[in-house]
> 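Sharing a structure here in structure tokens format.
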Amino acid sequence: MDRYKDCYEYGWGRLLEADIEEAALDARLLLEHVCGTDRNTLLVHGDREVSEQERLAYEDAIARRSRRVPLQQITGCQAFMGLEFQVNEHVLVPRQDTEILVEEVLRELQDGMRVLDLCTGSGCILISLLHYSNYCQGVGTDISREALEVARRNGASLLGAGKEYVFLESDLFERVEGKYDIIVSNPPYIRQAEIRTLMPEVRDHEPRRALDGGEDGLDFYRRIAEEGPGYLNGGGRLYLEIGCDQGDAVQELLLQRGFREVNVVQDYGGLDRVVCGYWPIRV
């Protein structure tokens with residue numbers, strides 16, 4: 001197994017045996033990661049020699065993927081909103097569904113606004129919003145110190161020196177001060193009983209407390225709906241990513257608390273994905 005294409009075929013075969021759904025794609029991506037190559041290498045330079053160090057590293061990567069370690073945790077990165085984020089076992093892997101949340105916020109985000117991102121994880125939401133806006137200030141909170149270390153590294157690598165932001169260790173609003181124009185969150189929302197049914201990559205390798213939304217999956221939405229108005233300027237907006245069957249329940253929580261124009265936004269697959277509303281100006 002000294003040639004590039006031989007390594008690829010080995011990896012593809014091992015992942016097929018492990019019932020990895022995207023075996024061919026993952027085998028190629030891991031080989032490119034280990035060798036520092038691109039997708040054309042397999043097609044044009046399949047006879048390229050692979051060093052022993054590269055071969056051993058590839059075999060290790062394939063073994064980890066066979067154990068259902070997420071691809072992104074092996075490569076250490078994931079693309080999101082056109083940016084490359086560092087990830088590890090302490091944060092959720094940024095997902096395309098969450099880009100819908102960011103896009104909805106960007107529709108209303110104006111230069112100079114203050115943004116609070118709860119349960120920030122890798123920081124992908126806040127960093128994307130600051131990257132695609134001007135003169136905004138951001139605070140990202142998370143209860144996990146390890147997750148915040150990842151978020152800070154992402155901020156340092158993806159945001160310029162002129163951006164104003166901080167990542168804060170806090171249980172939702174616990175250590176937050178001041179008021180904001182936008183509050184956004186992709187909180188834990190999986191029902192406890194459903195966690196065991198998730199794919200092994202998620203169930204066994206992503207942080208459980210970033211998944212567990214309590215018995216009915218709504219624990220964090222209740223807290224955010226109740227406490228959020230104390231941190232919103234009048235006319236400020238709240239944006240929440242939700243599970244596909246939680247739209248009506250989360251919408252009702254916000255309406256009961258006094259939010260106005262509460263809408264449910266669907267993703268590109270036609271599934272409920274975001275609930276948003278604004279906090280009225282008190283006269």
Side-chain angles (χ1 to χ4, degrees), residues 69-99 101-102 105 109 113-133 136-190 195 201-214 219-221 223-224 227-228 230-232 238-241:
V69 176
L71 175 75
Q72 298 87 347
Q73 288 185 12
I74 300 172
T75 63
C77 62
Q78 169 69 4
F80 181 84
M81 291 297 296
L83 304 171
E84 199 74 23
F85 285 86
Q86 299 177 41
V87 296
N88 61 21
E89 70 275 13
H90 300 298
V91 299
L92 291 183
V93 174
R95 288 162 169 80
Q96 189 175 11
D97 289 339
T98 303
E99 293 188 353
L101 175 66
V102 174
V105 178
L109 185 62
M113 281 187 167
R114 299 192 73 215
V115 181
L116 174 62
D117 174 26
L118 303 170
C119 309
T120 195
S122 67
C124 64
I125 294 172
L126 182 62
I127 290 169
S128 296
L129 292 173
L130 295 179
H131 177 82
Y132 292 111
S133 63
C136 289
Q137 299 175 347
V139 174
T141 74
D142 204 289
I143 199 171
S144 167
R145 186 170 302 176
E146 294 82 5
L148 291 169
E149 291 175 359
V150 177
R152 290 175 184 129
R153 288 199 298 271
N154 282 322
S157 64
L158 296 172
L159 294 176
K163 300 292 186 179
E164 295 186 50
Y165 66 95
V166 64
F167 288 107
L168 181 67
E169 186 177 347
S170 177
D171 182 3
L172 292 183
F173 300 99
E174 180 186 27
R175 296 182 59 201
V176 173
E177 298 179 352
K179 288 184 179 287
Y180 297 82
D181 303 294
I182 299 282
I183 296 178
V184 60
S185 184
N186 177 19
Y189 59 71
I190 306 297
I195 291 178
E201 285 85 345
V202 178
R203 181 191 66 222
D204 300 333
H205 296 284
E206 294 199 84
R208 183 182 176 106
R209 64 181 175 184
L211 301 169
D212 189 345
D219 284 3
F220 285 83
Y221 299 116
R223 292 179 59 190
I224 293 170
E227 300 176 43
Y231 298 88
L232 273 173
L238 173 65
Y239 296 82
L240 300 168
E241 181 171 332

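Keep in mind that what you see is a predicted model, and the values were worked out from it rather than measured.
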> Taking only Lys NZ, Arg NE, NH1 and NH2, and the carboxylate oxygens of Asp or Glu, determine whether E206 and R95 approach each other closer than 4.0 Å.
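Looking at R95 together with E206, the answer is yes, because their closest N to O distance falls below 4.0 Å.
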> Mind checking the CD1-CZ spacing from I183 to R114? Nearest 0.5 Å is all I need.
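Atom-to-atom, I183:CD1 and R114:CZ are 10.5 Å apart.
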> Does any non-hydrogen side-chain atom of E84 lie less than 4.5 Å from one of N154?
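No, their side chains stay 4.5 Å or more apart.
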> Please report the interatomic distance SG(C124) to CG(N186), rounded to the nearest 0.5 Å.
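That separation rounds to 7.5 Å.
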> Roughly how far apart are I127 CD1 and L83 CG, rounded to 0.5 Å?
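Taking CD1 in I127 and CG in L83, the distance rounds to 8.5 Å.
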> So, the side chain of Y165 versus the backbone of V115: is there a donor-acceptor pair under 3.5 Å, distance only?
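No; judged by distance alone, with no hydrogens or angles, the pair does not exist.
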> Hey, does L118 have a side-chain heavy atom less than 4.5 Å from the side chain of F173?
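Yes, side chains in contact.
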> If we ignore hydrogens and angles and just use 3.5 Å, is the side chain of T120 paired with the main-chain N or O of D117 as donor and acceptor?
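No, the answer is negative, given that no donor and acceptor are paired below the 3.5 Å cut-off.
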> Parallel, tilted or perpendicular: which describes the rings of Y221 and Y189, with under 30° parallel and over 60° perpendicular?
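Plane angle under 30°, so parallel.
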> How close do S133 and L129 get, heavy atom to heavy atom, and via which atoms?
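Minimum heavy-atom contact is OG-O, 2.7 Å.
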> Any cation-pi pair here, R152 with F167, using under 6.0 Å and within 45°?
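No - R152 does not lie over the ring of F167 by the 6.0 Å and 45° rule.
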> Looking at CG of L158 and CD of Q86, how far apart are the two atoms once the value is rounded to the nearest 0.5 Å?
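Spacing of CG (L158) from CD (Q86) equals 8.0 Å.
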> Distance from R208 atom CZ to I190 atom CD1, nearest 0.5 Å?
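The distance works out to 11.0 Å.
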> Do you know which two heavy atoms are closest between S170 and T141, and how far apart they sit?
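That closest heavy-atom pairing would be CB-CB, 4.0 Å.
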> Rounded to the nearest 0.5 Å, what's the gap from CG on L126 to CG on L130? Could you check?
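If we round to the nearest 0.5 Å, L126:CG and L130:CG are 4.5 Å apart.
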> Donor-acceptor pair, distance only, cut-off 3.5 Å: does the side chain of T98 make one with the backbone of P94?
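Absent.
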> Considering all heavy atoms of both residues, which atom of F220 and which atom of P187 are nearest to each other, and what is their separation?
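F220 and P187 have their closest heavy atoms at CB-CB, 3.7 Å.
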> Using a strict threshold of under 4.0 Å (side-chain N to carboxylate O), is an ion pair present between D142 and R209?
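Here R209 does not pair with D142 in a salt bridge, since their nearest N and O are not under 4.0 Å apart.
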> Can you name the closest pair of heavy atoms from Q73 and E89 and give their distance?
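The answer is NE2-CA, 3.6 Å.
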> So, for S122 and V91, which heavy atoms are closest and what is the spacing to 0.1 Å?
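Closest approach of S122 to V91, heavy atoms only: N-CG1, 3.8 Å.
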